[in-house]
Amino acid sequence: MAEMVKVGAHEDASRTILSWLKQYHKDLAKQAVAVRVGDEFLDLTAPLPVGQEIEVISAGDPLGLEILRHSTAHLMAQAVIRLFPGAKPAIGPSIEQGFYYDFATDRPFTEEDLAAIEAEMKKLAKQNLTVEREELERADCIARYREMGNAFKTEILEEIPQPTVTVYRQGEFFDLCRGPHVPSTGRLGAFKLLSVAGAYWRGDEKRPMLSRIYGTAFPTQEELDAFLTMREEAKRRDHRRLGRELGLFLNSPEVGAGLPLWLPKGATVRYALETFLRTELVRRGYQPVYTPHIGKLDLYRTSGHYPYYKDDQFPPITFGDEEGEEEGYLLKPMNCPHHIQIYKSEMRSYRDLPLRMAEFGTVYRFEQSGELGGLTRVRGFTQDDAHLFLTPEQLDVEFKATVDLILFVLRTLGLSDYRVRVSLRDPNSDKYVGDPENWDQAQRAILQAVQDLGMEYTVAEGEAAFYGPKLDFLVRDSIGREWQLGTVQVDYNLPQRFELEYIGEDGHAHRPVMIHRAPFGSLERFFGLLIEHFAGAFPVWLAPVQAVVIPISERHHEYARTVAATLRAFMARVEVDERSETMRYKIREAQLQKVPYMLVVGDKEAEEQTVGVRSRTEGDLGAVPLAQFAEQLRAEAQIPTAG
RNA sequence: GCCUCCAUAGCUCAGUCGGUAGAGCGCGUCCUUGGUAAGGACGAGGUCACCGGUUCAAAUCCGGUUGGAGGCUCCA
């Protein structure tokens with residue numbers, strides 16, 4: 001942790017912080033990368049702030065690590081320019097797991113370039129070049145970058161309001177940077193370049209594509225190695241790998257990219273998840289509906305889906321009728337328009353509200369090809385969707401009840417590592433429907449509710465749905481990418497576009513408010529992340545196969561079948577492994593398939609009507625009377641409820 | 001969609017300098033009938049993703065397509 005030290009008033013203000021630290025705080029000096037005085041960061045090469053409390057930031061601190069990585073990014077840029085003199089550095093920040101730097105180049109970097117760049121970096125680190133901070137007139141700095149033909153830096157500079165800027169110099173390399181940085185390149189050593197990628201300048205696809213190099217750095221080689229090992233291990237729980245190994249799902253190019261097939265074992269897990277949620281929905285006053293997979297184009301013109309999200313949909317199915325009129329249908333990108341038609345099918349009274357309409361609705365979206373992968377981003381998926389139609393007065397209570405449902409689902413499945421995000425509209429974008437007043441009202445409602453609930457959350461502008469703001473629950477996958485699962489959305493706009501009404505207590509028509517919500521989000525994505533969360537080892541109630549009966553030899557097959565039949569009477573999912581393999585082999589296989597229970601049956605068990613229980617996690621538990629084990633399994637396989 | 005990389009048996013992968021293919025696992029048959037994480041033998045599987053080009057000759061070199069991976073963008 002960062003340490004506070006006091007610099008005496010009598011100290012010499014002309015010496016550097018580093019030299020002072022070396023004299024009085026030798027250990028700290030080795031670890032230090034920068035210091036903070038009040039709100040201001042200083043380099044170790046800065047003059048000593050005499051008579052001040054200074055906070056020494058070490059490489060091991062979160063802030064220090066950021067600085068270390070940022071300095072490593074500079075080191076990489078220096079190496080790149082040495083090897084590729086034409087490369088123009090654009091921007092190179094530290095990020096959560098390391099750093100990157102973007103360059104404009106004659107040809108994009110390839111992975112083969114990384115080794116050479118890394119070697120050059122090592123060389124520069126070894127030379128222990130001093131890193132110097134320098135203040136410069138902004139105009140001079142612009143001129144200098146102009147001369148070098150670097151339009152990116154000049155663009156950044158032109159947006160800086162201050163008249164002076166700082167650059168950091170090490171050897172022949174200098175870079176516009178706020179700092180702070182490590183005092184010399186010798187401080188850097190435990191780094192690794194990880195990958196290359198294309199990246200649009202300023203994230204704008206209309207601007208040039210730059211070549212980005214990702215890397216990471218740590219204070220010590222041990223920490224770097226540990227990070228790399230962890231990365232390898234994380235790959236082993238990747239749901240795409242486990243999906244194949246455990247026979248859970250399949251992506252077939254013959255069917256189409258992003259259109260996953262659920263294999264029997266995966267489908268069994270999904271069935272358990274659906275049953276779990278359906279049960280809960282009944283308890284919470286939801287009504288089921290079913291709606292078709294396609295709807296008329298006009299429906300989506302009214303909803304706004306067709307005009308606003310045309311590019312993200314499969315092309316409409318169109319044909320001319322006898323009069324030559326163009327007729328068209330759309331694979332539904334969302335379920336709400338259909339549900340809204342059910343709402344509209346009757347005159348609704350305030351007494352009917354809240355009306356909670358639920359459907360596991362399959363939707364289709366034409367996601368960009370570069371974005372597809374596994375189960376986390378697909379083109380056909382099923383939402384555990386529901387739409388709540390409410391009087392405005394009911395919004396607060398129902399919104400909170402919905403949040404409670406999502407929290408219950410996450411808690412029950414043990415997903416505790418999630419983040420909550422309030423997704424608002426970007427006021428400068430025209431990709432939203434509805435009046436600003438509606439939006440403000442909806443956004444206020446969400447913010448009020450999460451504050452009342454005392455939830456921790458972040459706000460993200462521009463992440464809203466096109467019809468309303470959302471509260472999103474995000475979870476990370478095995479390689480650190482964050483995905484939105486559950487979501488609650490408040491919507492004043494679609495009720496208006498579809499002219500929804502209910503008759504209030506006063507006998508007049510009023511406009512209802514809608515909540516769109518999905519605790520899982522999509523069954524596919526949720527399943528993908530759940531596979532990774534459990535590393536494929538599902539709890540008994542979700543496990544596709546809950547127990548495998550393992551007969552020791554052929555003469556035990558009959559008893560093995562009796563055991564299976566007894567357990568199946570309780571709806572347990574049981575298989576008998578009758579293959580001509582050794583018991584040890586069958587155990588290994590069941591263990592690798594992450595089956596919760598292996599039931600070994602031989603002479604002794606058949607004789608005594610017991611099963612030799614081996615638990616996936618605890619190993620051999622000895623013989624247990626069959627009836628007793630059946631009871632135990634039944635209890636463990638129980639689908640959880642809020643109780 | 002854009003950038004980089006990748007595609008060899010069902011799976012994981014080897015295949016040098018261009019001379020039309022290999023291993024392990026899995027699968028099948030047979031032997032083995034076993035007490036808590038791989039018993040043994042034999043065998044069947046491949047238009048080297050697809051289309052085109054260069055070449056006497058292409059898994060190998062070049063172009064395109066499709067699919068996959070990591071990013072960027074997008075995201076309902």
Side-chain angles (χ1 to χ4, degrees), chain A residues 100 102 105 107-114 194-214 235 238 240-241 244-245 247 251-254 256-258 300 303-305 308-309 311-313 332-336 363-374 377 381 383 385 423 431-432 462-468 470 472 479-481 483-484 487 489 516 518 521-522 550-557 579-593 598-605 612-616 619-623:
Chain A
Y100 69 79
D102 287 349
T105 53
R107 68 154 176 92
F109 298 120
T110 72
E111 251 139 68
E112 273 131 48
D113 298 328
L114 295 186
L194 299 171
S195 60
V196 297
Y200 300 108
W201 168 234
R202 299 232 146 154
D204 185 342
E205 63 184 321
K206 289 177 203 77
R207 311 200 64 182
M209 167 81 61
L210 306 175
S211 192
R212 173 175 298 181
I213 302 175
Y214 281 95
K235 278 189 198 152
D238 188 312
R240 290 164 295 195
R241 182 193 182 103
R244 187 172 339 99
E245 287 174 359
N251 269 310
S252 156
E254 280 69 31
Y300 298 105
S303 70
H305 288 90
Y308 281 86
Y309 285 94
D311 295 341
D312 300 305
Q313 293 156 5
K332 66 177 174 185
M334 290 183 70
N335 300 301
C336 27
V363 296
Y364 298 89
R365 301 175 186 179
F366 197 77
E367 302 290 352
Q368 295 185 85
S369 59
E371 197 49 65
L372 301 173
R377 183 58 135 258
F381 57 95
Q383 298 179 313
D385 209 357
S423 301
K431 60 182 183 178
Y432 304 101
E463 292 291 331
F466 79 89
Y467 49 75
K470 321 183 282 175
D472 297 322
I479 54 175
R481 294 179 296 198
W483 300 95
Q484 179 195 317
T487 179
Q489 312 172 354
H516 309 236
S522 110
I550 299 178
I552 286 178
S553 79
E554 259 166 47
R555 67 175 181 281
H556 308 118
H557 283 190
R579 290 175 306 171
S580 164
E581 297 289 352
T582 59
M583 180 201 63
R584 289 170 59 81
Y585 183 89
K586 292 177 188 175
I587 285 173
R588 175 181 154 82
E589 187 113 312
Q591 198 75 44
L592 291 176
Q593 285 293 306
M598 286 143 270
L599 306 175
V600 177
V601 296
D603 290 332
K604 190 165 65 104
E605 288 80 9
V613 179
R614 181 191 164 93
S615 137
R616 170 177 67 195
D620 190 356
L621 300 176

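Quick note: numbers below take in every heavy atom, side chains included, and nothing from hydrogens, waters or symmetry partners. Note that the structure is predicted; figures quoted are calculated from it, not measured.
- Between the P atoms of rU8(B) and rU47(B), the separation comes to 13 Å (whole Å).
- Spacing of C1' atoms, rC3(B) relative to rC74(B), comes out at 16 Å, to the nearest Å.
- Residue contacts for Ala199(A): at a heavy-atom cut-off of 4.0 Å it reaches the sugar-phosphate backbone alone, with no base atom in range.
- Note on Arg481(A): only backbone sugar-phosphate atoms sit closer than 4.0 angstrom, heavy atoms only; bases stay farther off.
- A straight line from CD of Gln383(A) to P of rC75(B) spans 17 Å, rounded to a whole angstrom.
- Put simply, CD on Glu205(A) and OH on Tyr200(A) are 5.5 Å apart, with the number rounded to the nearest 0.5 Å.
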- side chain to side chain contact (heavy atoms under 4.5 Å, CB included) between Arg555(A) and Asp603(A), intermediate numbers included: CA-CA 9 Å; Arg555(A) 67 175 181 281; Asp603(A) 290 332; 2.8 Å; yes
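- Rounded to whole Å, the distance from CG on Asp312(A) to P on rC74(B) is 11 Å.
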- Verdict with supporting geometry, Gln591(A) and Met598(A), side chain to side chain contact (heavy atoms under 4.5 Å, CB included): CA-CA 8 Å; Gln591(A) 198 75 44; Met598(A) 286 143 270; 3.3 Å; yes
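- Interatomic distance, Asp102(A) CG to Met209(A) CE, rounded to the nearest 0.5 Å: 10.0 Å.
- Distances shorter than 4.0 Å separate none of the side-chain N or O atoms of Arg202(A) from OP1 or OP2 on rC72(B).
- For the C1' atoms, the distance from rG46(B) to rG22(B) is 11 Å, rounded to whole Å.
- Salt-bridge annotation for Lys470(A) and Asp472(A): present, with a side-chain N of the basic residue lying under 4.0 Å from a carboxylate O of the acidic one.
- Residue contacts shown for Gly370(A) include a base, since a base heavy atom lies under 4.0 Å away.
- Taking 3.5 Å as the limit, the base of rG1(B) and the side chain of Tyr200(A) contain a donor-acceptor pair of atoms between them.
- For the P atoms, the distance linking rC48(B) with rU20(B) amounts to 13 Å, nearest Å.
- Atom name C1', nucleotides rC13(B) and rG53(B): the rounded distance is 30 Å, in whole Å.
- Using a 4.0 Å heavy-atom distance criterion, Leu194(A) is classed as making no nucleic acid contact.
- Taking all atoms of both residues into account, the shortest heavy-atom contact from Arg614(A) to Asp620(A) is CG-N, 3.9 Å.
- Residue contacts shown for Glu589(A) are absent, as no nucleic acid heavy atom lies under 4.0 Å away.
- Of the candidate nucleotides rG39(B), rG70(B), rU4(B), rG39(B) has the atom nearest to the side chain of Tyr585(A).
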- With B for base contact, S for sugar-phosphate-only contact and - for none (protein heavy atoms under 4.0 Å), nucleotides 28-36 of chain B reads ----BBBBB
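- Leu210(A) comes within 4.0 angstrom of nothing in the nucleic acid, heavy atoms only.
- Taking 4.0 angstrom as the limit, Lys431(A) places none of its side-chain polar atoms (N or O) nearer than this to OP1 or OP2 of rC74(B).
- Taking the nucleotide of RNA chain B with the nearest heavy atom to each of Asp238(A) and Tyr364(A), the more 5' of the two is matched to Asp238(A).
- If you take atom C1' in rU33(B) and the same atom in rA23(B), they sit 31 Å apart, rounded to whole Å.
- If you measure from atom NZ of Lys206(A) to atom P of rC72(B), you get 18 Å, rounded to the nearest angstrom.
- Residue Arg377(A) places a side-chain atom within donor-acceptor reach of the base of rC75(B), judged by atom type and a 3.5 Å distance cut-off alone.
- Look at the P atom in both rC56(B) and rA14(B): the space between them is 32 Å, to the nearest Å.
- Between Gln484(A) atom CD and rC74(B) atom C1' there is a gap of 14 Å when expressed in whole angstrom units.
- Backbone-only contact: Ala464(A) has heavy atoms under 4.0 Å from sugar-phosphate atoms and none from a base.
- Here rG15(B) is in the anti range [glycosidic angle more than 90° from 0].
- rU12(B) sits 15 Å from rG26(B) when the P atoms are compared, rounded to a whole Å.
- Using a 4.0 Å heavy-atom criterion, one finds that Ser369(A) contacts the bases of the nucleic acid, with or without backbone contacts as well.
- In this structure, Asn251(A) contributes its side chain and Ala257(A) its backbone to no donor-acceptor pair below 3.5 Å.
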- Is there a side chain to side chain contact (heavy atoms under 4.5 Å, CB included) between Tyr300(A) and Gln313(A) once you walk through the steps? CA-CA 11 Å; Tyr300(A) 298 105; Gln313(A) 293 156 5; 5.8 Å; no
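- Of the candidate nucleotides rC5(B), rC11(B), rC3(B), rC3(B) has the atom nearest to the side chain of Met209(A).
- If you take CZ of Arg588(A) and C1' of rG26(B), they are 12 Å apart, rounded to a whole angstrom.
- Note that OG of Ser303(A) is 5.0 Å distant from CZ of Phe466(A), once rounded to the nearest 0.5 Å.
- For Arg241(A) and rG68(B), the shortest distance from a side-chain N or O to OP1 or OP2 is not below 4.0 Å.
- Using a 4.0 Å heavy-atom cutoff across all strands shown, Phe109(A) reaches sugar-phosphate atoms only and no base atom.
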- Task: Run the numbers on Val601(A) and Ile552(A) for side chain to side chain contact (heavy atoms under 4.5 Å, CB included), then give the verdict.
- Result: CA-CA 6 Å; Val601(A) 296; Ile552(A) 286 178; over 6 Å; no
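- Atom CZ of Arg212(A) and atom C1' of rC5(B) are 17 Å apart (whole Å).
- Tyr467(A) comes within 4.0 angstrom of no nucleic acid atom, judged by non-hydrogen atoms across all strands.
- Taking for each of Glu367(A) and Pro108(A) the nucleotide of RNA chain B with the nearest heavy atom, the 5'-most of the two is the partner of Pro108(A).
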- Test salt bridge (Lys or Arg N to Asp or Glu O under 4.0 Å) applied to Arg240(A) and Asp238(A), step by step: CA-CA 5 Å; Arg240(A) 290 164 295 195; Asp238(A) 188 312; 2.5 Å; yes
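- Consecutive Watson-Crick or G-U pairing (both distances under 3.5 Å) extending over three or more pairs maps onto RNA chain B as B:1-7 with B:66-72, B:10-13 with B:22-25, B:27-31 with B:39-43, B:49-53 with B:61-65.
- Across all non-hydrogen atoms, the minimal contact from Ala623(A) to Lys604(A) is CB-NZ, 4.2 Å.
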